[in-house]
Novice: 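Before I ask anything, here is the structure I am working with.
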Amino acid sequence: MPDWLIYTGSRNGPEDGADPLGRLPDPPPWRAFDGGPVLPSPPGGSGNEHQATTYRPSDDAVQQANAALYLRRPLLVTGPPGTGKSTLAYAVAHELGLGPVLHWPITSRTTLRDGLYQYDPLTRLYAAGRADAPADENIGRYIRLGPLGTALLPYARPRVLLVDEIDKSDIDLPNDLLTIFEKGEYEIPELTRRADPSAEVMTADGPGARVTVTAGTVRCNAFPFVVMTSNGEREFPPAFLRRCVTVELRQPSGAAELSAIVREHLGPLAEQSDDLVRRFLERSTSGTLATDQLLNAVYLCRHAAAADRRALADRIMPYLTGPIDDD
Ligand SMILES: Nc1ncnc2c1ncn2[C@@H]1O[C@H](COP(=O)(O)OP(=O)(O)OP(=O)(O)O)[C@@H](O)[C@H]1O
Ligand SMILES: [Mg+2]
């Protein structure tokens, strides 16, 4: 393993008292950010410990994840369904001890503003109209930062942001995002318009999480580790691609790698699953299958009689694209 790698794909968390990011060099001068006052990251694991501790990344994925960390650039991860695109974010958060992953699932209706923050003026209006409303009521109680808005808070260590399925977005979102990632900051006009533009707002880290935003502007300190996933059905503009580090994931091609993944997930339950791994590879030549279909088949077929195993496995591993099963 080349020694410039900070994330190695080891599946272990940081050793007690060790900080793997201690070896991460300062950012390139054009990617240095100085937001403050600096905040500690919230405690806790990645939020998906099983996935994080069983993930076997390709060498290419490890290398490109490190390039994104060094260059302070988002990582665009493409590849067919079930190749571990989303899981990569959890694996990096776990190994480097970067705390809970901020998950931002994208749909065709998602806007940049949804990711940054939500302001709820109606509840505020209602509260102000009540007889017992406090005279100086706190606007921050009606502002909640979204996953993107939270990731750009001035944390001392990078937060991990998963922008999941960016290919599902409206046509403008990738460009809007790259502007934000370029600047590493955003404004909350509802705050900047006020005489006192500072407020304690809620974050995407759960109901109790609050931070103070000063001068109505959020600017990052450590640039977040951003993973953007795409099934690759969409072309992104060159201006977007130029500002990302890219990696394409592939289905593991050999029985050895598949068996290792099955053992990683199922431990002793993975014994005597070679026939299913072979069947998965056989079927993979005629249509698309995903690794987690194999995991389901191995888990389930332990309970089937030997004579029924193959038929059951085929039912659990239908083609995602390609020939239609005829039974
Ligand atoms: N290389 C791998 N090592 C271990 N487990 C893997 C690997 N690749 C995929 N898996 C497992 O397969 C499942 C699917 O992974 P994941 O959800 O990350 O895929 P994805 O590429 O994001 O799929 P989709 O495009 O459908 O969102 C998970 O249970 C994950 O743990
Ligand atoms: Mg995914």
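Ligands are counted one by one from 1 in listed order, and the atoms in each one are counted from 1 as well.
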Novice: Quick test of your reading of the structure: of His265, Gln293, Gln51, whose heavy atom lies closest to atom 5 (N) of ligand 1?
Specialist: His265
Novice: Under 3.5 Å, is there a donor-acceptor pair between the side chain of Arg159 and the main chain of Thr150?
Specialist: no
Novice: Starting from atom 26 (O) of ligand 1, find the nearest protein heavy-atom neighbour and note its residue, name and distance.
Specialist: Gly82 N, 3.6 Å
Novice: How close does the nearest protein non-hydrogen atom get to atom 19 (O) of ligand 1, and which residue and atom is it?
Specialist: Gly84 N, 3.2 Å
Novice: So if I count the atoms of ligand 1 from 1 in the order they appear, which ones are less than 4.0 Å from some heavy atom of Asn231?
Specialist: 25 (O)
Novice: Considering only non-hydrogen protein atoms, determine which one is nearest to atom 16 (P) of ligand 1 and report residue, atom name and distance to 0.1 Å.
Specialist: Thr87 OG1, 3.5 Å
Novice: Heavy atoms only: which of Leu320, Asp164, Thr83, Val77 is nearest to atom 8 (N) of ligand 1?
Specialist: Thr83
Novice: Let me see the working for Glu282 and Thr285 under side-chain hydrogen bond (donor to acceptor under 3.5 Å, both in side chains), right down to the final yes or no.
Specialist: CA-CA 6 Å; Glu282 222 168 82; Thr285 56; over 6 Å; no
Novice: Any donor and acceptor pair, going by atom type alone, linking the side chain of Arg309 with main-chain N or O of Leu276 inside 3.5 Å?
Specialist: no
Novice: Answer with yes or no whether the side chains of Gln251 and Thr291 bring together a donor and an acceptor at under 3.5 Å.
Specialist: yes
Novice: Only heavy atoms of Thr54, strictly under 4.0 Å: list the atoms of ligand 1 that pass.
Specialist: 3 (N), 4 (C)
Novice: What protein heavy atom sits nearest atom 12 (O) of ligand 1, and how far away is it?
Specialist: Asp292 CB, 3.8 Å
Novice: Which protein N, O or S atoms does the Mg ion (ligand 2) have within a distance shorter than 2.8 Å?
Specialist: Ser86 OG
Novice: Tell me yes or no: between the side chains of Thr8 and Glu95, is some donor less than 3.5 Å from an acceptor?
Specialist: yes
Novice: What are the atoms of ligand 1, with element, lying closer than 4.0 Å to any heavy atom of Pro81?
Specialist: 23 (O), 25 (O), 26 (O)
Novice: Could you state the interatomic distance from OG (Ser230) to CD (Glu248), rounded to the nearest 0.5 Å?
Specialist: 9.5 Å
Novice: So which heavy atom in the protein is nearest atom 25 (O) of ligand 1, and how far is it from that ligand atom?
Specialist: Lys85 NZ, 2.7 Å
Novice: Using a 6.0 Å distance limit plus a 45 degree cone around the ring axis, check whether Arg113 lies over the aromatic ring of Tyr117.
Specialist: yes
Novice: Rounded to the nearest 0.5 Å, how far apart are CZ of Arg23 and CD1 of Ile6?
Specialist: 4.5 Å
Novice: Can you report which non-hydrogen protein atom sits closest to atom 27 (O) of ligand 1, along with the distance?
Specialist: Glu165 OE2, 3.4 Å
Novice: Look up atom CG in Leu177 and atom CG in Asp172, then write down how far apart they are to the nearest 0.5 Å.
Specialist: 11.0 Å
Novice: Give me the residue, atom name and distance of the protein heavy atom closest to atom 1 (N) of ligand 1.
Specialist: Arg56 O, 2.8 Å
Novice: Taking the six-membered ring of Phe223 (Phe, Tyr or Trp), confirm whether the NZ or CZ of Arg31 is under 6.0 Å from its centre and within 45° of its axis.
Specialist: yes
Novice: Is Pro42 close to Thr203 at the side-chain level, that is, under 4.5 Å between some pair of heavy atoms?
Specialist: no
Novice: Does the distance from a Lys or Arg side-chain N to an Asp or Glu carboxylate O, for Arg73 and Glu182, drop under 4.0 Å?
Specialist: yes
